[in-house]
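Input: a single structure, listed below in structure tokens.
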There are 2 protein chains.
Amino acid sequence: MAVQVTRKEPLVTSATTLTARFSDWQETGFDATRCPIRNVLDRLGDRWTTLVLIALAGRPLRFNEIRRTVPDISKRMLTQTLRHLERDGMATRHVFPTKPPSVEYRLSPLGISVLDPLSSLVDWAENRFAEINRARIAFDATAGTR
Amino acid sequence: MAVQVTRKEPLVTSATTLTARFSDWQETGFDATRCPIRNVLDRLGDRWTTLVLIALAGRPLRFNEIRRTVPDISKRMLTQTLRHLERDGMATRHVFPTKPPSVEYRLSPLGISVLDPLSSLVDWAENRFAEINRARIAFDATAGTR
DNA sequence: CAGGATCCGTGGTGATACTG
DNA sequence: CAGTATCACCACGGATCCTG
């Protein structure tokens, strides 16, 4: 399979490895059940998962503690996000049978392990945020009527 | 190569830094225009952006070349994704006034710079994919009636 | 070839009310 | 406190047709 190797300037090393793996996925026809990007990144990319993940990075939290940490998430969406994290083995749920029930959510080793690459991306986002905003303003100015 | 520093207390070093920055965003009330996660990661998290980014990682591609690389993207969605990348300053668009017009898309330095953190996340996704799938199967088995 | 325009279905999301 | 259930919306994305 023609792995399109950039002969000129390799951009970055990560580019070539990404390209190589991309070819692998192509050969599977991008089967959604076998393509890690579609399966994993789509989940991380939804509106709340990343925020909840980071909220739990510091310490285990209870349901309403998370709600206070992520102010504008609804109970419904928080429940759903936590179920997804639980299902993917990224978080665990511990029920304490107190007078009013209290439920604690805690990152599993798997959930902890994603914090590292996630942090890289957040770093990038913070460092490049101003640059991106400038690009957006410039683009909207020239193409404002589009 | 993910540094599994699973120490007892502080989880991972990235966890503490994430938590710290999270507090900063909280103080801004998670203003969507100022929170890098909401602004940048939401974009990267959509259905096609990441795939197109990786497709362009190897070398510049023309419109229909990208379509062949990402087989199931529609023209509409590819156009929209490319406009977003252009607007964010991640890709540039070059029109060659040939007989049938040909348009080449190329990653900008900013777009190239995201490949590195993105690659980390893809690495993680690939390495943990089997583990996640096992967790999902186990979860669905025990909670199948939910 | 590289789009733009339009129609339209679906799923993700929020608001509200209810429960153990 | 920690959810569940139901309804309603609308933006995302696909399909189709049209253009320079």
Side-chain angles (χ1 to χ4, degrees), chain A residues 30 32 35 37-39 41-52 55-56 60-88 91-106 139 142-146, chain B residues 30 32 37-39 41-52 55-56 60-88 91-106 139 143-146:
Chain A
F30 281 97
C35 175
I37 282 201
R38 303 211 137 163
N39 241 281
L41 290 238
D42 280 9
R43 183 67 34 101
L44 286 178
D46 73 18
R47 198 162 160 67
W48 303 111
T49 296
T50 304
L51 288 174
V52 172
L56 290 174
L61 294 177
R62 286 171 30 210
F63 188 83
N64 278 336
E65 283 183 315
I66 306 178
R67 285 194 70 194
R68 283 188 289 273
T69 307
V70 186
D72 51 350
I73 192 173
S74 68
K75 285 190 294 184
R76 192 175 117 82
M77 280 304 102
L78 179 53
T79 300
Q80 188 179 104
T81 302
L82 289 168
R83 286 296 166 281
H84 283 328
L85 289 177
E86 212 188 333
R87 186 173 112 97
D88 290 353
T92 55
R93 180 175 181 269
H94 304 274
V95 181
F96 298 99
T98 53
K99 333 89 200 256
S102 91
V103 180
E104 183 189 271
Y105 291 90
R106 173 189 301 262
F139 183 89
T142 64
T145 58
R146 195 195 300 266
Chain B
F30 279 97
I37 283 200
R38 304 212 139 162
N39 242 282
L41 289 243
D42 280 8
R43 184 63 37 99
L44 286 177
D46 72 20
R47 198 160 159 66
W48 303 111
T49 297
T50 305
L51 289 174
V52 172
L56 291 174
L61 295 176
R62 290 182 16 221
F63 188 83
N64 278 336
E65 283 182 316
I66 306 178
R67 284 194 71 194
R68 283 188 290 274
T69 307
V70 186
D72 51 351
I73 193 173
S74 67
K75 285 190 297 184
R76 191 173 113 83
M77 281 304 103
L78 180 54
T79 300
Q80 183 178 320
T81 302
L82 289 169
R83 286 296 166 279
H84 284 328
L85 289 177
E86 211 189 333
R87 186 173 111 98
D88 290 354
T92 55
R93 180 175 182 269
H94 304 274
V95 182
F96 298 98
T98 52
K99 329 88 197 255
S102 94
V103 180
E104 182 189 271
Y105 292 91
R106 172 189 301 260
F139 182 89
T145 58
R146 193 199 300 268

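Lettering of chains follows the sequences in order, A, B, ..., and the numbering in each one begins at 1.
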Open item on the list: Which residue in the set Lys75(A), Glu104(A), Arg93(A) passes side-chain contact (heavy atoms from CB on, under 4.5 Å) when paired with Phe63(A)?
Closed with: Lys75(A)
Open item on the list: Does a side-chain N or O of Ser74(B) approach OP1 or OP2 of dG14(D) to a distance below 4.0 Å, or not?
Closed with: yes
Open item on the list: Please give me every residue in residues 42-49 of chain A whose heavy atoms get under 4.0 Å of an atom in DNA chain D, ordered by residue number.
Closed with: none
Open item on the list: Using 0.5 Å steps for rounding, measure from the OG1 atom of Thr81(B) to the CD atom of Glu86(B).
Closed with: 12.5 Å
Task: Rounded distance [0.5 Å steps], CG in Leu56(B) versus CG in Leu51(B) - done: 11.0 Å
Task: Nearest-neighbour nucleotide for the Asn64(A) side chain, dG13(D), dA2(C), dA2(D) considered - done: dA2(D)
Task: Nearest-nucleotide comparison on DNA chain C, the residue closer to the 5′ end among Thr79(B) and Arg68(B) - done: Arg68(B)
Open item on the list: Side-chain N or O of Tyr105(A) versus OP1/OP2 of dG3(D): is the shortest distance under 4.0 Å?
Closed with: yes
Open item on the list: Quick check: any donor-acceptor pair below 3.5 Å linking the side-chain of Arg76(A) to the base of dT13(C)?
Closed with: yes
- [ ] State the CG-OG1 distance between Asp46(B) and Thr50(B), to the nearest 0.5 angstrom.
- [x] 7.0 Å
Open item on the list: Whether Asp72(A) and Arg67(A) form a salt bridge (side-chain N of Lys/Arg under 4.0 Å from carboxylate O of Asp/Glu) is what I want to check.
Closed with: no
- [ ] From the options dC1(D), dC18(D), dT13(C), select the nucleotide whose nearest atom is closest to the side chain of Lys75(B).
- [x] dC18(D)
Task: Interatomic distance, His84(B) atom NE2 to Trp48(B) atom CH2 [nearest 0.5 angstrom] - done: 14.0 Å
TODO: Check the distance between dG20(D)'s C1' and Lys99(B)'s NZ and give it to me in whole angstrom.
DONE: 17 Å
Open item on the list: Tell me the bend of the helix from dC1(C)-dG20(D) to dG20(C)-dC1(D) as the angle between end helix axes, each from five pairs, rounded to the nearest 10 degrees.
Closed with: 50°
Open item on the list: From the set dA2(C), dT4(D), dC1(D), return the single nucleotide nearest to any side-chain atom of Pro100(A).
Closed with: dC1(D)
Open item on the list: So, taking the atom named CZ in Arg47(B) and the one named CD1 in Ile37(A), what distance separates them when rounded to the nearest 0.5 Å?
Closed with: 13.0 Å
Open item on the list: Expressed as a whole number of angstroms, how long is the span from Gln80(B):CD to dA11(D):C1'?
Closed with: 10 Å
- [ ] Begin with the C-alpha distance, continue with both residues' side-chain angles, and end with the deciding distance and a verdict on side-chain contact (heavy atoms from CB on, under 4.5 Å) for Thr92(A) and His94(A).
- [x] CA-CA 7 Å; Thr92(A) 55; His94(A) 304 274; 3.0 Å; yes
Open item on the list: Whole angstroms only, please: what is the NE2-P distance between His84(B) and dA11(D)?
Closed with: 13 Å
Task: Rounded distance in Å - CZ (Arg62(B)) to C1' (dG3(C)) - done: 14 Å
Open item on the list: By nearest atom, which of the nucleotides dC1(D), dG14(C), dC1(C) is closest to the Pro101(B) side chain?
Closed with: dC1(C)
Task: Spacing of Glu65(A) atom CD relative to dG3(D) atom C1', expressed in whole Å - done: 16 Å
- [ ] Starting from P on dC8(C), measure out to CE on Met77(B) and report it in whole angstrom.
- [x] 17 Å
Task: Distance, nearest 0.5 Å, that separates OG1 of Thr49(B) from CD of Gln80(B) - done: 9.0 Å
TODO: Could you check how far CD of Glu104(A) sits from C1' of dG3(D), rounded to whole Å?
DONE: 17 Å
TODO: Report yes if a side-chain nitrogen or oxygen of Arg67(A) is closer than 4.0 Å to either non-bridging phosphate oxygen (OP1 or OP2) of dG3(D); otherwise report no.
DONE: no
TODO: Check the distance between dA2(C)'s P and His94(B)'s NE2 and give it to me in whole angstrom.
DONE: 14 Å
TODO: For the residue pair Tyr105(A) and Arg62(A), establish whether any side-chain heavy-atom pair is separated by less than 4.5 Å.
DONE: no
- [ ] Kindly say if Arg83(B) contacts the phosphate of dG3(C), meaning a side-chain N or O under 4.0 Å from OP1 or OP2.
- [x] yes
